[in-house]
Amino acid sequence: GPPWFILWLLNFTLIYAVIAQFAAPVKMNMPHPVILLLFGAFLSAAFYGVAVGVPQEWQYLGNMVKWWYGIGLYIPFFTAGIIAGRNDWMKSVEEM
């Protein structure tokens, strides 16, 4: 299929690069797995709500196919990946 996701990954990365120049880094210990599970349940409910509530003619917003994936999945997980990487959460996962 078309590589629209590469364009959006580049967009997210450029936005992050600009924000990272001005915003203070978020220092955060790795949350308890139950909190991560609850956050995932919240994201799934938000994703479902947006997917059901948005008319089909708005499916291609900004050339992103099914952009509600961006709202409910791509942006939150990109943000969580940034926070996890900057706070070295992988060590916490290894130590579990």
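FYI, the numbering just counts along the sequence from 1.
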Next item on the list: Provide the closest heavy-atom pair for Trp89 versus Ile83 in the form atom of the first, atom of the second, distance.
Entry: CZ2-CG2, 3.8 Å
Checklist line | Parallel, tilted or perpendicular, as decided by the 30° and 60° cut-offs, for the rings of Phe12 and Phe78 | finding: tilted
Note to self: I need the Glu95 CD to Met90 CE distance, nearest 0.5 Å.
What the structure shows: 11.5 Å
Check: At what distance, to the nearest 0.5 angstrom, does CZ of Phe77 lie from CD1 of Ile82?
Finding: 14.0 Å
Item checked: OG1-CD1 distance between Thr79 and Ile19, expressed to the nearest 0.5 angstrom -> 8.5 Å
Next item on the list: Determine whether Leu9 and Tyr74 fall in the same hydrophobic cluster, where Ile, Leu, Val, Met, Phe, Trp and Tyr are linked whenever their side-chain heavy atoms lie under 4.5 Å apart.
Entry: yes
Item checked: Pro76 side chain reached by Phe42 side chain, heavy atoms, under 4.5 Å -> no
Next item on the list: Can you see which heavy atom on Asn87 is nearest to which on Val26, and at what distance?
Entry: ND2-O, 2.9 Å
Margin query: Tell me the closest heavy-atom pair linking Tyr16 and Arg86, and the distance in Å.
Written below: OH-NE, 3.4 Å
Note to self: Nearest 0.5 Å, please: how far is CE in Met30 from CG in Asp88?
What the structure shows: 11.5 Å
Item checked: Distance in Å, Leu43 CG paired with Ile75 CD1, rounded so as to fall on 0.5 Å steps -> 11.5 Å
